[in-house]
There are 2 protein chains.
Amino acid sequence: MPATAARSAGRFTPVNKESTASLITRQLREGIMDGSLPAGSQLSEARLSAAFGVSRGPLREAMQRLVQEGLLRAEPNRGLFVKELDAEEIRDLYVARTAVESAAALKIVRDAATETTPRAVALLRATCTAMRRAATAGDLSALSDADFDFHEELVTASGSARLRRMHETLMVETRMCLTALEGTYYDPEDQVDEHRRIADAIADGDEAAVLRAIDDHMHQALERLIRGGEADTRG
Amino acid sequence: MPATAARSAGRFTPVNKESTASLITRQLREGIMDGSLPAGSQLSEARLSAAFGVSRGPLREAMQRLVQEGLLRAEPNRGLFVKELDAEEIRDLYVARTAVESAAALKIVRDAATETTPRAVALLRATCTAMRRAATAGDLSALSDADFDFHEELVTASGSARLRRMHETLMVETRMCLTALEGTYYDPEDQVDEHRRIADAIADGDEAAVLRAIDDHMHQALERLIRGGEADTRG
DNA sequence: GGTATCATCATTGTCGACAATCCACGGATC
DNA sequence: GATCCGTGGATTGTCGACAATGATGATACC
């Protein structure tokens, strides 16, 4: 390799022009998460392509991705609809999340030889304190964000691209149903503790405790979600 | 419901006209698995659309699905290439498989109250005997098929749609790299035993043993794969 | 000889238009 | 009164063509 100016260009990041379909996908995903595209609603190709100012080609591509992610449901010759999650689906969602996050946490524990593990634990604990701050401040939005950060960092720290990608989809679904019932939050302190227990178990390298802590947290979260949903439909 | 002829029509299956894109997706996936579309090769939209006798629209849709599944790699404005798996990727693949299959097996154990569990165990054991038959007969292709059946049934029996779908993709990738190194099989009897141990642990309802058996099997399979790959490149 | 520049070509990205399909709504029929 | 057609409108599915982009090879220049 010649000694050109390229050597000093370490600070440059490779330009990655994102494809039109990717941009649209992201925006649609956002819309599904934040509820501006409510569950069950139909997404008209014509209307959306007009709104985005592109033709139906790239838009279709974006929607197909979301179908494959499981966020949209395609009825042939009928159209695409935002998927609705019933209680059974939500349970399944948490089964899958438990699978992915347990595996991620276990991998972190087992890679304890590397220096990534202490860093991961530090990050997770930082997120926990962020949660606690938000909880004491009564800022439910920040609490929810920190909650999501915790789980995202957990899976990212595992270093597994596949777990990471699976989890991404699952978290979008999670955020979707959380949005649907509009932040009914129980026991913020309990939630913080659940996360802290997970971080502690990882720090201790106690595999069984890690699995228990994650399993417990998922069950609690699921319980909160289902209870919240029932209260929502009742009231 | 009126007593029309519809009642006697139970044997009819709902006609589900599969979309063109789905058909193409399946065929491309097959091609990737069986090696007729080798890793690293570029998939030309024009050529393929001509081969399938459709326009580029549905074909692009099909390829986008495979990109999202992680089987194809998209280079913007360059084209789509069949993804190549190096040793690190294969390890990650098995991390993800372990995550999904462990969760599935655990779910089966914990749903032991239902009658699905005994049925699942019976199916798994049947697959094991099929493996043994193939092993003693020296039919490596049948052995591989039974192997895949085992894991597929394991995840299907869990009843989790999400685990199921994640696993589907992972198994295509698995089959892809198995095909790449052309069935270098070690110790068929050992393999049968590994599967049988998983089935037994599920039957016993011993969660720890289930996790150990799956973890062990995955490590062994990974070892076989990596070793096979190295031998392949060496010779 | 090595490098920069340019034309060429193949390939992907995007678009607008047409065909096929399906639901909704009236009207006719028994 | 309920059911069966047929039409109308809207939506998706598909196609062919054009624009944009990037690689390749030839040519001119230092």
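Every chain is numbered from 1, with letters handed out A, B, ... down the list of sequences.
The CG-P distance, from A:Leu80 to C:dC22, rounds to 16 Å in whole Å. For the pair A:Arg60 CZ and D:dC15 P, the interatomic distance rounds to 11 Å; values are reported in whole Å. Atom CD in A:Glu75 sits about 12 Å away from atom P in C:dC22, given to the nearest Å. Atom pair B:Glu61:CD and D:dT12:C1' shows a separation of 11 Å (rounding to whole Å applied). Atom CZ in A:Phe52 sits roughly 17 Å away from atom C1' in C:dC15 (whole-Å rounding). One atom, CG of B:Leu59, and another, P of C:dT11, lie 14 Å apart when rounded to the nearest Å.
In this structure, B:Gly79 reaches the sugar-phosphate backbone alone: every heavy-atom distance under 4.0 Å involves primed, P, OP1 or OP2 atoms, never a base. At the heavy-atom level, A:Thr20 lies under 4.0 Å from the strands shown only through sugar-phosphate atoms. Among the atoms of the strands shown, only primed sugar atoms or phosphate atoms (P, OP1, OP2) are found under 4.0 Å from some heavy atom of B:Ser44. Within the nucleic acid shown, B:Leu43 comes within 4.0 Å of sugar-phosphate atoms alone, with no base atom in reach, counting heavy atoms only.
Applying the side chain to side chain donor-acceptor pair (under 3.5 Å) test to residues at least two apart or on different chains, the pairs with a partner in residues 153-163 of chain B are A:Glu89-B:Arg162, A:Asp92-B:Ser160, A:Asp92-B:Arg162, A:Glu173-B:Arg162, B:Thr127-B:Glu153, B:Thr156-B:Arg164.
Distance from the side chain of A:Ser55 is smallest for C:dC15 among the nucleotides C:dC15, D:dC15, D:dG13. In the set C:dT12, D:dT12, D:dT14, the nucleotide with an atom closest to the side chain of B:Glu45 is C:dT12. Nearest nucleotide to the A:Val54 side chain, out of C:dT14, D:dT12, C:dC15: C:dC15.
A salt bridge links B:Glu61 to B:Arg65: at least one charged side-chain nitrogen sits closer than 4.0 Å to a carboxylate oxygen. For the pair A:Asp145 and A:Arg175, the salt-bridge criterion is met [side-chain N within less than 4.0 Å of a carboxylate O].
Under the salt bridge (charged side-chain N to carboxylate O under 4.0 Å, His left out) criterion, B:Asp139 pairs with no residue, sequence neighbours left out. Applying the salt bridge (charged side-chain N to carboxylate O under 4.0 Å, His left out) rule to B:Arg97 yields the partners B:Glu101; only residues at least two apart in sequence or on another chain are considered. Annotation: ring pair (Phe, Tyr, Trp, His ring centres under 6.0 Å) contacts of A:His167 (sequence neighbours excluded): none.
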Anything under 3.5 Å between a donor and an acceptor, one on a side chain of residues 74-82 of chain B, the other on a protein residue two or more places apart or in another chain? List them.
{"residue": "B:Glu75", "atom": "OE1", "partner": "B:Arg78", "partner atom": "NE", "Å": "3.4"}
{"residue": "B:Glu75", "atom": "OE2", "partner": "B:Arg73", "partner atom": "NH1", "Å": "2.7"}

- Once base and sugar-phosphate atoms are separated, protein heavy atoms under 4.0 Å mark nucleotides 17-24 of chain D, 5' to 3', with B, S and - as B---SSS-
